[in-house]
**Q** 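To start, I am sharing the structure in question, which I have written as structure tokens.
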Protein chains: 2
Amino acid sequence: MGVTIHDVARAAGVSVASASRALSGRRKVTPEVAERVTRAAAELGYQPNAVAKALRDRTTGTVGMVVPGIGNPFFTTMVEAVEHQLQKSGRDLLLCASQYTPEIEARRLNTLLARRVDGLIISPCDFEASAPAVLNAARQVPLVQVDRYIEGGGADWVGVDDDSALAQAVDHVVAGGARSVVFVSSRLMNSSARLRLAGFQLATARAGVDSGAPLLGEFTLDWGFEAGRRLLADGTLPDAVICGNDEIAVGLLRALRLGGVRVPEEVSVVGFDDVGHATMCDPPLTTVRQPVEEMAAEVVRLLGQVRVSDPRPAQRLAIAPRLVVRETSRPVTSGADTIAAAGIVAGNGQEEEEVA
Amino acid sequence: MGVTIHDVARAAGVSVASASRALSGRRKVTPEVAERVTRAAAELGYQPNAVAKALRDRTTGTVGMVVPGIGNPFFTTMVEAVEHQLQKSGRDLLLCASQYTPEIEARRLNTLLARRVDGLIISPCDFEASAPAVLNAARQVPLVQVDRYIEGGGADWVGVDDDSALAQAVDHVVAGGARSVVFVSSRLMNSSARLRLAGFQLATARAGVDSGAPLLGEFTLDWGFEAGRRLLADGTLPDAVICGNDEIAVGLLRALRLGGVRVPEEVSVVGFDDVGHATMCDPPLTTVRQPVEEMAAEVVRLLGQVRVSDPRPAQRLAIAPRLVVRETSRPVTSGADTIAAAGIVAGNGQEEEEVA
DNA sequence: CTGAAAGCGCTAACAG
DNA sequence: CTGTTAGCGCTTTCAG
């Protein structure tokens, strides 16, 4: 360690200024100087100190990202997509997990801020409890929320159009003949859980089908399994179950199979996310696919537009998802298949709305 | 942004030195000064600039970690465990994925080095191709490898004792009556794949059972599924299949079920890792559990002992794993169960060996 | 085109 | 106990 630009300059017989210019290429130097500096740097194994550069430039080339947990395949997929987008502009990602805990989340935001990230991407773990820390961070640095958001609309957000998603899911099972459908999801402590439940209720009301009390727990395999057991214990199974994410769906599927229930003959199951193991579970899962790459692209695009000094109204970008039909849902019966087809087509657009 | 310690000092009517001392508490100041500084800092919303501190201290309080991919649950589990350990000493983790590509890996190592991380934890994606970049990094900063390592033993490593692991797995299925067993794993481009295959061959030879040609592809669900199809296509199934990781095992299980093969009645299946969905697949997977928390603890302990300036011989720490018997393997028959029991007991120790 | 020098924000001597 | 000052490594005016 420890070879600085001074060492390079000395070895090349020029001033540090020239060395800096030659190395960065941001200003003209004689070809000969350029050559000497480049060689000296190579010979000494010079590696620029990004910390010093950051201090001087007041910018780190770094974006912080905070997600609830990296155990959830949806978030890891999103992280990879964001990293991929950032790479295009040569920036790096600092990744943190809040472990679904607002206190840890706040601490993570603060250390990211202390490290002077140029921007922040966050999926706040709690609709209410995350708000103060997120708002505070948004005041210091460009920030955009992804997937989940905090109450009050104080910061930009990119996510999926949950109303469209649930409408597609509900219409699809209804087209398959379902008359009763229940929703298994997470408790309402984050925006996704709220929006999806609302979308579900809207869609079932409009379709005029029977929706029992929703089963609300966590976005986990375990909860899906547990919910499946409860459904079985109830004695009277619904025609279809729509799940808040794929983890839940896979757990539920397993409980159902253990209970001797045939899917999709006796009950249809629809998931949400289409990341990870949806194609490999048994039977392959019908699910709503989140347009993760698109979302990631929008997130970094938005991040580049945010100006902390001159705030504009917060933007919300809800990208319409697409239902992917596999084998856990009954095939469409009768002429109703036009509905499902329409749902798929409608899912390709993109909506933009502004929020007060 | 932009409230510095100078602002705080001025507001408190003291020098920057006193402000710094009061804030850090690393030196005595009058209670009154302490009080005034603290209040000024709070009122101004002062947030120390970690970049400046890092430049001054020549240490960032940051450890970089590079794993092949965060899509693999084993690595995410390991990352979480490492983060957890690091937190105890107040350090932060900078996480990068090499995407199983040596070039990306090398680039990631360099930006981490440029950002002056205090240490590096890496699971090199390729046994050979990763070596130059890893060795170069190890020359600049304390570095410990985890799970995978590069050829030549030039850097510390913490991992699992694959010989013990495979011996336990093989002895277990043999105790259940298996006479032929095949190994499904990854191609040999990383150390884990090599060690596990070697361990498998050793164990089957010692047990005197028939091991066909190993099926080597990738550490993925898809490969497991594909391998299952090939086994089925062969017409003659082995009594047991041992897999290089759980992803493979889950994919294999699915192919087998689709092919109408009953597990474990017709063939036993054993996985490796015991992270993620091993308990939730159907039937629950018998697998070798990696002691992830222990490994993470050893990694950060070792990291604190490495001195770049005064290198000591590279250490290798192979922690013995434990076989977790669930429902994809046949129960032990006859008196042979003493073997399996011995395997489990032997698996609780910890071995340390030094490498040339 | 090149060099000298200032300064990013912070902490640790070094005096007082 | 407190203040002044140097300097971490870098880039960028500002003169020449």
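Per chain, numbering begins at 1; letters A, B, ... match sequence-line order. Because the structure is predicted, anything quoted here is derived from the model rather than measured.
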**Q** Taking I150(B)'s backbone N and O only, do any of them form a donor-acceptor pair with Q145(B)'s side chain (distance below 3.5 Å, no angle check)?
**A**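 Yes.
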
**Q** Of all the choices, dG3(D), dC10(C), dC8(D), which nucleotide is nearest to the side chain of A52(B) once you look at every atom?
**A** dC10(C)

**Q** If you only use heavy atoms from C-beta on, which nucleotide in dC10(C), dT12(D), dG3(D) is closest to the side chain of R26(A)?
**A**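 Closest nucleotide among those given: dT12(D).
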
**Q** Taking for each residue the nucleotide of DNA chain D with the nearest heavy atom, is it V16(B) or V16(A) whose nucleotide lies nearer the 5' end?
**A** V16(B)

**Q** Expressed as a whole number of angstroms, how long is the span from Q47(A):CD to dC10(D):P?
**A**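 Going from CD in Q47(A) over to P in dC10(D) covers 11 Å.
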
**Q** Go through dA12(C), dC10(D), dC8(C) for me and flag the one nearest to the L55(A) side chain.
**A** dC8(C)

**Q** Judged by atom type as modelled, is there a donor-acceptor pair below 3.5 Å linking the side chain of Q47(A) to the main-chain atoms of L113(B)?
**A**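 It does not hold such a pair.
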
**Q** Can you tell me if the side-chain N/O atoms of S15(A) get under 4.0 Å from OP1 or OP2 in dG3(C)?
**A** yes

**Q** Whole angstrom is fine here: how far is it from CZ in R56(A) over to C1' in dC8(C)?
**A**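 Rounded to whole Å, this separation is 7 Å.
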
**Q** Within less than 4.0 Å of OP1 or OP2 of dG9(D), is there a side-chain N or O belonging to R58(B)?
**A**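 So the side chain of R58(B) is within the cut-off, an N or O lying under 4.0 Å from OP1 or OP2 of dG9(D).
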
**Q** With a 4.0 Å cut-off on heavy atoms, is V51(B) in touch with a base, just the backbone sugar-phosphate, or nothing at all?
**A**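 If one applies the 4.0 Å heavy-atom cut-off, V51(B) turns out to touch nothing in the nucleic acid.
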
**Q** Between the side-chain atoms of R21(A) and the base atoms of dG3(C), is any donor-acceptor pair under 3.5 Å?
**A**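 Per atom types, the contact qualifies.
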
**Q** Tell me, do V146(A) and I122(A) make a side-chain contact under 4.5 Å, heavy atoms counted?
**A**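 No, every pair of side-chain atoms sits at 4.5 Å or beyond.
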
**Q** Does either side chain, that of R115(B) or that of T62(A), offer a donor lying less than 3.5 Å from an acceptor on the other one?
**A**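 Note: R115(B) and T62(A) side chains meet the donor-acceptor criterion.
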
**Q** What is the distance, to the nearest angstrom, from the NZ atom on K53(B) to the P atom on dG9(D)?
**A**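 One finds 16 Å between P of dG9(D) and NZ of K53(B), rounded.
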
**Q** Give a yes/no answer on whether the side chain of S18(A) brings an N or O atom under 4.0 Å of OP1 or OP2 in dT2(C).
**A**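 No, no such contact exists.
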
